[in-house]
Enquirer: 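Can you keep this structure in mind? I'll have questions shortly.
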There are 2 protein chains.
Amino acid sequence: MPKPETDPTTQLDLRVDRSSPVPLYFQLSQQLEAAIEHGSLTPGSLLGNEIELAARLGLSRPTVRQAIQSLVDKGLLVRRRGVGTQVVHSQVKRPLELSSLFDDLEAAGQRPATTVLLNTVVAASAEIAAALAVAEGSEVHRVERLRLAHGEPMAYLCNHLPSGLLDLDTGQLEATGLYRLMRAAGITLHSARQSIGARAAVPAEAERLAEEEGAPLLTMQRTTFDDTGRAVEFGDHIYRPTRYSFEFQLLVRP
Amino acid sequence: MPKPETDPTTQLDLRVDRSSPVPLYFQLSQQLEAAIEHGSLTPGSLLGNEIELAARLGLSRPTVRQAIQSLVDKGLLVRRRGVGTQVVHSQVKRPLELSSLFDDLEAAGQRPATTVLLNTVVAASAEIAAALAVAEGSEVHRVERLRLAHGEPMAYLCNHLPSGLLDLDTGQLEATGLYRLMRAAGITLHSARQSIGARAAVPAEAERLAEEEGAPLLTMQRTTFDDTGRAVEFGDHIYRPTRYSFEFQLLVRP
DNA sequence: GAGTGGTCTAGACCACTGT
DNA sequence: CAGTGGTCTAGACCACTCT
């Protein structure tokens, strides 16, 4: 008995352009991802097997597997031996990424504003030197910023960067986020180590953020590394918890 | 002129066991990871090219690539076109994972203790029903626990689970973490959506955690999904920020 | 037993990097 | 220019799940 036709990918207009410089597996994964987001591939639906999909597109099976695997890694698909490949139910919206507060706010439509309070070179304290793996007392950039949304202060951001890594223009810092400037300067961000906590506001912090002394604050320290393993940034940030919280999705490593 | 021998993998005793049920690429990636952790492969060192490594081990290039790629995904290696594969500098210790507080504490050698305050079935409130995607008023498990370390309260954990998913034994809940029980029950955790914030303690919370009223607290809400997309758990947790903070490493998605 | 994904091979050509 | 990783092919066999 022939199997009933239930492969939802047959309903899709999947095709690849072999003259494009975009890798074939990437073209396919993008189209599948778009179909999932658009709703053409409904959650729970079983994709047809890889061999048939490869034949239909004129691709080899490893290439199709690579496309599917990239979506599995993103959490959009689940593969089960002996069963098949399924679209995951429920929303997978924002996988955790190394996002800047600036990008977060912009994505939320909040039109963030930044006031640069300080942008100078200082001698590294013991703590900063340890975080950035530079000699204590050596020159580092220090940037202090106040981030506002809707005219209200939202966070106080203090960052230190190794000297000579990047030209930090105050105007640019007020127009965009630090990470964008670093990427634009050719720095390939690789990983970051974060610590998120909470504590009571001391008087200076309270005043900067328009809070009461002793008010709860959300804190984050982060050291960011580029792909050569250099520490490229150490941030000590304070957020008003009534205005901001950390929201993210994470995937369980298989 | 022959290239000078600088491939550090030639110094390693790499070998694969073809009679083992463990995949060849996995055997190789484990050995490379062990060499990196052990220091035999020093940060920044350039691995020899894939073809030679494959030939030396009697493997095909795709298999070697798969092994290397898994370590790239873990953040231990960096590949550059035209250059080679390098061991990343600096520590990559704990990539972010869906960890339970119990596991976190145990890993830190803190011998966590748990007191189950409540373990019962209740009707789902609107908030709980929405988080778990069940009907409002339907039966759900409610578990309230106090987590202690060194005899001091550290966190108050309130969790809701869909009814019938899991038998929640109070004794087991005091001996281990909720996630371990779920995994042991055959539930494959897939993803979670988290929100981390802060607020002031209300009187009831202050008393439970031995804090003052108004003291800053670290909060976390989390909905966990299994690989079929079902919400399997909703947690509302409160931490004493003087005793606990969220520490994790994250990788930049390429 | 039929169908699926998981693994593996032995090649090939291309794109990019650094000399 | 030589050497590297990035992509791709056309097969093969195995392990697992479900009926």
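In what follows, chains are A, B, ... by sequence order, proteins preceding strands, each numbered from 1. This is a predicted model, so every value here is computed, not measured.
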Enquirer: Thr42(B): which residues meet the side-chain contact (heavy atoms from CB on, under 4.5 Å) condition with it, sequence neighbours left out?
Expert: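 Per chain and number, Thr42(B) pairs via side-chain contact (heavy atoms from CB on, under 4.5 Å) with Ser45(B).
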Enquirer: Would you please name every residue forming a salt bridge (charged side-chain N to carboxylate O under 4.0 Å, His left out) with Asp236(B), sequence neighbours left out?
Expert: none
Enquirer: Strictly under 4.0 angstrom, non-hydrogen atoms only: write out the protein contact profile of nucleotides 7-17 of chain D, one letter per nucleotide from the 5' end, B, S or -.
Expert: BSBB-B--BBB
Enquirer: Quick one, Thr9(A) and Glu52(A) - any side-chain contact, counting heavy atoms below 4.5 Å?
Expert: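 Contact flag for Thr9(A)/Glu52(A) side chains = no.
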Enquirer: Could you check how far CG of Leu53(A) sits from P of dT4(C), rounded to whole Å?
Expert: 12 Å
Enquirer: Hey, does the side chain of Arg79(A) come within less than 4.0 Å of dT4(C)'s phosphate (OP1/OP2), counting only N and O?
Expert: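 Answer is no, no contact under 4.0 Å.
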Enquirer: Nearest whole angstrom, please: distance from the C1' of dG18(C) to the CG of Leu46(B).
Expert: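 For the pair Leu46(B) CG and dG18(C) C1', the rounded distance is 12 Å.
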Enquirer: Using a 3.5 Å cut-off on both pairing distances, which stems of three or more Watson-Crick or G-U pairs include DNA chain D?
Expert: C:1-18 with D:1-18
Enquirer: Using the side chain to side chain donor-acceptor pair (under 3.5 Å) criterion, which residues pair with Gln69(A)? Sequence neighbours excluded.
Expert: Asp73(A), Arg79(A)
Enquirer: Tell me which pairs pass salt bridge (charged side-chain N to carboxylate O under 4.0 Å, His left out) where either residue lies in residues 59-68 of chain A, with sequence neighbours left out.
Expert: Glu50(A)-Arg61(A), Glu50(A)-Arg65(A)
Enquirer: In chain order, what residues pass the side chain to side chain donor-acceptor pair (under 3.5 Å) check against Asp13(A), with sequence neighbours excluded?
Expert: Arg15(A)
Enquirer: Asp17(B): which residues meet the salt bridge (charged side-chain N to carboxylate O under 4.0 Å, His left out) condition with it, sequence neighbours left out?
Expert: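 Asp17(B) satisfies salt bridge (charged side-chain N to carboxylate O under 4.0 Å, His left out) with no other residue.
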Enquirer: Ignoring backbone atoms, establish whether Asn49(A) has a side-chain N or O less than 4.0 Å from OP1 or OP2 of dG3(C).
Expert: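 For Asn49(A), the contact criterion (side-chain N or O under 4.0 Å from OP1 or OP2 of dG3(C)) is not met.
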Enquirer: From CD of Glu50(A) over to P of dG6(C), roughly how many Å is that when rounded to an integer?
Expert: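 Answer to the nearest Å: 7 Å.
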Enquirer: Taking side chain as C-beta onward, heavy atoms only, is Leu181(B) less than 4.5 Å from Asp167(B)?
Expert: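 No, too far: nothing below the 4.5 Å cut-off.
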Enquirer: Just N and O in the side chain of Thr85(A): are any of them under 4.0 Å from OP1 or OP2 of dG5(C)?
Expert: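 So the side-chain polar atoms of Thr85(A) do come within 4.0 Å of the phosphate oxygens OP1 or OP2 of dG5(C), strictly under.
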Enquirer: Rounding to a whole Å, what distance do you find between Gln69(A):CD and dG5(C):C1'?
Expert: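 Atom-to-atom, Gln69(A) to dG5(C), this comes out as 11 Å.
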Enquirer: Filter on salt bridge (charged side-chain N to carboxylate O under 4.0 Å, His left out), then keep only pairs touching residues 19-45 of chain A, sequence neighbours left out; what's left?
Expert: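 Counting only pairs at least two positions apart or across chains, the salt bridge (charged side-chain N to carboxylate O under 4.0 Å, His left out) contacts touching residues 19-45 of chain A are Glu33(A)-Lys74(A).
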Enquirer: How many Å lie between CZ on Arg80(B) and P on dT4(D), as a whole number?
Expert: 16 Å
